[in-house]
Amino acid sequence: AFFTAMNGPVEDGGSGFGAIRKSVDGREWATVGRLPADERGFVAHLAAGGNGSLWAVMGGLDNVPQGEVWRSVDGGVTWASVGAFDGEALVGNRLIARDVVIGPEGRVWVGFSQGVGGTGFKGLLVRTVEPVAASAGEEVPGTPSEVVLGTPYPNPTQDAVTVPLVLAEPAEVRVMVYDLLGREVAVLADGAQAAGTHVLVIETAVWPAGAYLIRATVDGATETRRVTVSR
């Protein structure tokens with residue numbers, strides 16, 4: 001099948017920003033899902049992962065961050081934000097996402113062009129810390145049936161943030177926190193955990209302001225949530 005993301009008025013005279021369209025022959029198209037592009041910019045690129053997963057990188061408008069990455073595990077019908085790359089954190093300038101691909105080992109790669117602040121910075125490549133998109137025929141890591149990492153709250157936060165972790169059965173669990181450069185900043189869990197809901201608390205009072213990624217790994221499956229520390 002073919003997939004594309006619409007970034008203009010396409011349906012009934014209304015906004016088509018974020019509409020995910022699918023076609024089996026390239027001639028007849030139907031909308032199968034939608035990303036919240038009106039609030040988050042526009043869909044810069046789509047990429048296909050293993051086992052029917054789709055990945056989208058968002059491009060920002062004037063006041064919207066660029067580089068937010070979304071994933072769908074049902075062919076574009078529903079989407080969840082899995083992380084973001086902040087160009088300002090690395091080069092002091094917003095960067096424009098130009099392409100996204102899934103590598104053979106399952107990592108998501110994003111290529112950036114120069115930023116909008118006139119620095120002339122081009123050619124930056126970033127990739128996910130761990131493989132997150134399975135190869136064809138394998139299970140897609142991070143589906144809710146394997147790992148359920150709840151929504152962090154409060155978010156944004158200043159002093160502390162709480163994140164629920166739900167396990168259907170006992171398992172070996174590792175929950176880490178990374179900054180947007182992929183550096184480990186905290187270990188929340190590492191070892192055997194009982195089935196049920198676990199409440200993890202992250203103390204962020206001394207952390208620099210910015211975005212961080214909470215990643216839970218359970219028996220090889222991963223799920224990621226983003227939290228912002230404000231000052």
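Computed from a prediction, not measured in an experiment: that's the story for all the values here.
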Applying side chain to side chain donor-acceptor pair (under 3.5 Å) to Thr4 and not counting sequence neighbours gives none
Please name all residues satisfying side chain to side chain donor-acceptor pair (under 3.5 Å) with Thr162, sequence neighbours left out, ordered by chain then number. none
Side chain Ser23, main chain Asp25, donor-acceptor under 3.5 Å: yes
Pairing residues for Pro156 by the side-chain contact (heavy atoms from CB on, under 4.5 Å) criterion, not counting sequence neighbours: Thr228, Ser230
Is there side-chain contact between Val199 and Pro164, with heavy atoms separated by less than 4.5 Å? no
Considering only Ile, Leu, Val, Met, Phe, Trp and Tyr, and joining two whenever side-chain heavy atoms are under 4.5 Å apart, list the other residues clustered with Tyr153. none
Kindly give the heavy-atom pair with the smallest separation between Trp55 and Ser53, and that separation in Å. NE1-OG, 3.5 Å
Are Thr204 and Gln158 side-chain neighbours, meaning at least one heavy-atom pair lies under 4.5 Å? no
Can you name the residues that form a side-chain contact (heavy atoms from CB on, under 4.5 Å) with Ala1, not counting sequence neighbours? Phe3, Lys22
Heavy atoms of Thr78 and Ser72 approach each other most closely as O-OG, 2.9 Å
When every non-hydrogen atom of Gly18 is compared with those of Val43, the smallest separation belongs to CA-CG2, 3.9 Å
Salt bridge (charged side-chain N to carboxylate O under 4.0 Å, His left out) partners of residues 190-205, not counting sequence neighbours, each pair once: Arg174-Asp190
Let me see the working for Leu165 and Thr197 under side-chain contact (heavy atoms from CB on, under 4.5 Å), right down to the final yes or no. CA-CA 6 Å; Leu165 174 70; Thr197 300; over 6 Å; no
Would you give the length of the straight line joining atom CD of Glu172 to atom CG of Leu167, rounded to the nearest 0.5 angstrom? 11.0 Å
Going by the salt bridge (charged side-chain N to carboxylate O under 4.0 Å, His left out) test, which pairs reach into residues 148-167, not counting sequence neighbours? none
d(Arg226 CZ, Asn155 CG) to nearest 0.5 Å is 9.0 Å
So, for Ala160 and Val201, which heavy atoms are closest and what is the spacing to 0.1 Å? CB-CG1, 4.5 Å
Which pairs pass ring pair (Phe, Tyr, Trp, His ring centres under 6.0 Å) with one or both residues in residues 212-231, sequence neighbours excluded? Trp207-Tyr212
Those residues at least two apart in sequence (or on a different chain) that pass side chain to side chain donor-acceptor pair (under 3.5 Å) with Thr157 are none
Are the side chain of Thr224 and the backbone of Arg215 linked by a donor-acceptor contact shorter than 3.5 Å? no
Met6 CE to Ile20 CD1 distance, which is reported to the nearest 0.5 Å: 10.0 Å
Taking Trp29 as the starting point, is it possible to reach Leu46 by hopping between hydrophobic residues whose side chains are less than 4.5 Å apart? no
Closest non-hydrogen atom pair, Gln193 against Ala189: NE2-CB, 4.0 Å
Quick one: do Leu54 and Arg71 satisfy side-chain contact (heavy atoms from CB on, under 4.5 Å)? Show the steps, please. CA-CA 6 Å; Leu54 291 175; Arg71 178 185 63 188; over 6 Å; no
Walk me through whether Val175 and Val187 qualify under side-chain contact (heavy atoms from CB on, under 4.5 Å). CA-CA 6 Å; Val175 183; Val187 179; over 6 Å; no
Show your working on side-chain contact (heavy atoms from CB on, under 4.5 Å) between Thr217 and Val173 and close with a plain yes or no. CA-CA 6 Å; Thr217 302; Val173 178; over 6 Å; no
Between Val161 and Pro152, what is the shortest heavy-atom contact and its length? CG2-CB, 3.7 Å
Val32 with Phe2, same ILVMFWY side-chain cluster at under 4.5 Å: no
